[in-house]
Every structure is written in structure tokens, then in C-alpha cells.
Amino acid sequence: MNRVSNLTVGFVCAVGLALAGTAVAATPPSVAPAAVVKRGTDGHPDWGGIWQRVGGIGLDPTLKPGQIDRPDLTAQYQAMYDASLLSLQAGKPIADPTASCEPPNGVRIMNMVYPMEIFQRPGLVAVFAEWDHQIRRIYTDGRKPDADTERSYMGYSVGHWEGDQLVATTTLFKGVAVLNQAGLTLSDEMSMQERWQQTGPDTLTNTITLTDAKALRKPYSYTKTFKRAAPGFEMMEYTCVENNRNPILPDGTTGTILQQAK
Amino acid sequence: MNRQVRLTLGFIAPLLLASTLAQAHHSSAMFDAAKDVELKGVVKTFKFENPHVNIVVTVRDEKAGTTTDWYVEAASVRGLAMAGWRRSTLKPGDTVTIVAHPLRDGQPGANLVKATLADGTTLAANAGRNY
């Protein structure tokens, strides 16, 4: 093998490794000593307050700039993802629902591009996301969805406490499940399992596992890390329709309106 | 799709995505992250609004004797606020020098990289990878 070939192979391998993503969840961080965990009246951890994401805005926050999530997709959904990547390559990002101000779904909202604020009371952990002002309600009072439960963008979340860990399952998502800006899309059978835990005085982690019988050949797992915001940090308003200039064009891509509308 | 095309896709797509990390709202693949344009002109409008703060700057071409209004898209209010921008940072009539990635389709639109104000202050488009 000559020098050029060696270089080429080395480069392709490096790129390939960089793109491999993380199909296997990182080792769950250790739980914080009980003494540093603030507790609610029910004795469970109370994580009330504002939290900011650590890492990138893909599903897996540990991906480096230029890397993208690459879950093990079924042929149909891999073909859709490939088509989206081709469109990006052509400088024409696909019709991402969030570009036209549809809310991100309950999986994508957990990318927490902007901060989140947690509110708790016995039987409920509510996660308020600054992005589009979406609220996830994780019910821990034992209720379950039934045949009449409506689908919603955030999905229907039920959970329980295992010691100081909050374990939740979310199903019944509404809308096209586009999960990142590269156009990764799962199906209406998408389910999200979460394991939240406090790993330090000001650190929360959430290990997420996605399953989807139609779209995923095997579960996709990743761990989110959040840091408590500094004292005085305030949530801001984010209303997407305030001045959105990115319509979905007739060819299904995302456009940019140059002329001021107002 | 054959193996060769897959490799090509895998190589190119990350480059396009590299500049998109600070935006929630949509991919910035319509902008050419490999190119910078310098827009020295006068602020026509400054909208400190979501989902994207935007600046329209009027750039004069002295040779041709014409002017062009450039639409410069930035991050969200949150993103720019974290980078030190405020609603009062720019107002119509201010002179400004903007560096931005231009639209691939040749229209006078671009994605903010940084801006230098009349007093010499330079503000970035975001506060790093996180916002």
C-alpha cells in the first residue's frame, strides 16, 4: 500500500470512528450522597430550580462538533435519514417541524437547547423547557395512560422512584418525530425511558433509552447532564412565532425570508 | 445506496453540521459555513426577537453606486444575550461591520459570525458551544 492510500484509509477510519456515535449508554454516574439531596415533603429528592445542559444539542450531548447521532435504524428509517443528510449536503435542510414553529417533541425537548426549570409536588415532577415553553409532566402517583389517552407533542410520562432515582416512561407522542437538526426521525411507536438522578450538589443526570419497533433495530441510549444555574439566573421567554422567518417551502425544505415582515 | 456514497455522506454531513450547534430552531445548512462575507454598512433594522435575532444592514457599493440590504440571521434572544448582546446594542443608523456566512443560493442573506460596533466593540454570535 502506498503512502497516499495509507493516508486515505487512515482518514476514512478516523472519520468513521468519529461518526460511530454512541449506541451504548455511558456508565451511569454515581448517585450523590444522600446528605446533599434536598427532599420534598414526600421524602423523595426535590430538584426544583433552573438547570442548564452540559454538552451539545444532539440527542447524545457528548458528541463533538461535526458528529451526529447515528442510532441503529431499520432500513426504511435509515433511508429517510440518508435522504435528509443528502439534502443537508446540498445546502437544503429538510422540513424540520421546529423550523415552522411546531413544538419539539418530548424526546427532542430533552436536548434542552435552552435552560429548563423543574417544579415538583408529591406525585408530579414537571419539567418546564424554555424552548417553546413546553412542559413535561412526569406523573409519579401511579396513573397510567389508557386507550383514551390523547397523543401529545410531549408524550405521556409516568414514573416512579427507585431510591433516589426517578424512572420514567414516555409514550404516545404526536407529530413527526424529528429528533435533531440532521433530520433523524423515528416513528409513532417511539418510547422514551429515563433514569434521572442527582450526582452532586448541583448536578443532575438523565440516562435516556429510546426504543421503537418500527424505526430502531436496537435501543439507543445516551446520558444528559445538567448543572444548576447560578443564583439570580432567570428563565427567558421564547415564543417561536414572534418573528419566524423560516417557512417550509413547497419542495419540503426550510427557507429563509429576507424581507422584513414588519 | 452503495458503500461509497455512504462514506461520502458521512464525510460531508458533519462539516455542514459543524456550525449548527448553537441553533435550536433549524439547521443552518442553507448558509455556507466555509465562506465569510464582510458587510460594512448602516443598520436598517435590528430585531431582538425569537426565534432568531436579525439585523438588516444596508451596504453601499461605491463603484456601482448601488446599495444592497443584507438580512443577517443570528441565534435566539437567549443565545445572543448569553454572548453579551442587548436590545440596545444596535439601532437604525448605526454603522456596523458584520462577518457572516452567506446563503448558498446567492441571495443577500447571511448567518452572523461576529459584529464590530461603531465604538470598536466586537460581539460574537454565541457564547461558545453551549448557547
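Naming: A, B, ... by sequence-line order, numbering from 1 per chain.
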- side chain to side chain donor-acceptor pair (under 3.5 Å) against B:Thr95, all qualifying residues, sequence neighbours excluded: none

How about [atom1] on [X], more than 12 heavy atoms from neighbouring residues, nucleotides or ligands closer than 6.0 Å, or not?
X	atom1	value
A:Lys214	NZ	yes
A:Lys92	NZ	no
A:Arg228	CZ	yes

Would you compute the distance between atom [atom1] of [X] and atom [atom2] of [Y] and round it to the nearest 0.5 angstrom?
X	Y	atom1	atom2	result
B:Glu49	A:Asn244	CD	CG	11.5 Å
A:Met236	B:Met82	CE	CE	9.5 Å
B:Asn50	A:Tyr114	CG	OH	6.5 Å

- Passes side-chain contact (heavy atoms from CB on, under 4.5 Å), A:Glu130 versus B:Arg78? Steps please. CA-CA 9 Å; A:Glu130 184 175 287; B:Arg78 162 69 73 190; 2.5 Å; yes

- Minimum heavy-atom distance B:Pro51-A:Cys240, with the two atoms named: CD-O, 3.0 Å

- Part of A:Glu234 lying under 4.5 Å from any heavy atom of chain B: backbone

- Item | A:Glu237, part contacting chain B, at a heavy-atom distance under 4.5 Å | backbone

- Message: Just to verify, what does A:Thr203 make a side-chain contact (heavy atoms from CB on, under 4.5 Å) with, not counting sequence neighbours?
- Response: A:Thr199, A:Thr225, A:Lys227

- Item | B:Asn54 (side chain) donor-acceptor with A:Arg245 (main chain) under 3.5 angstrom | no

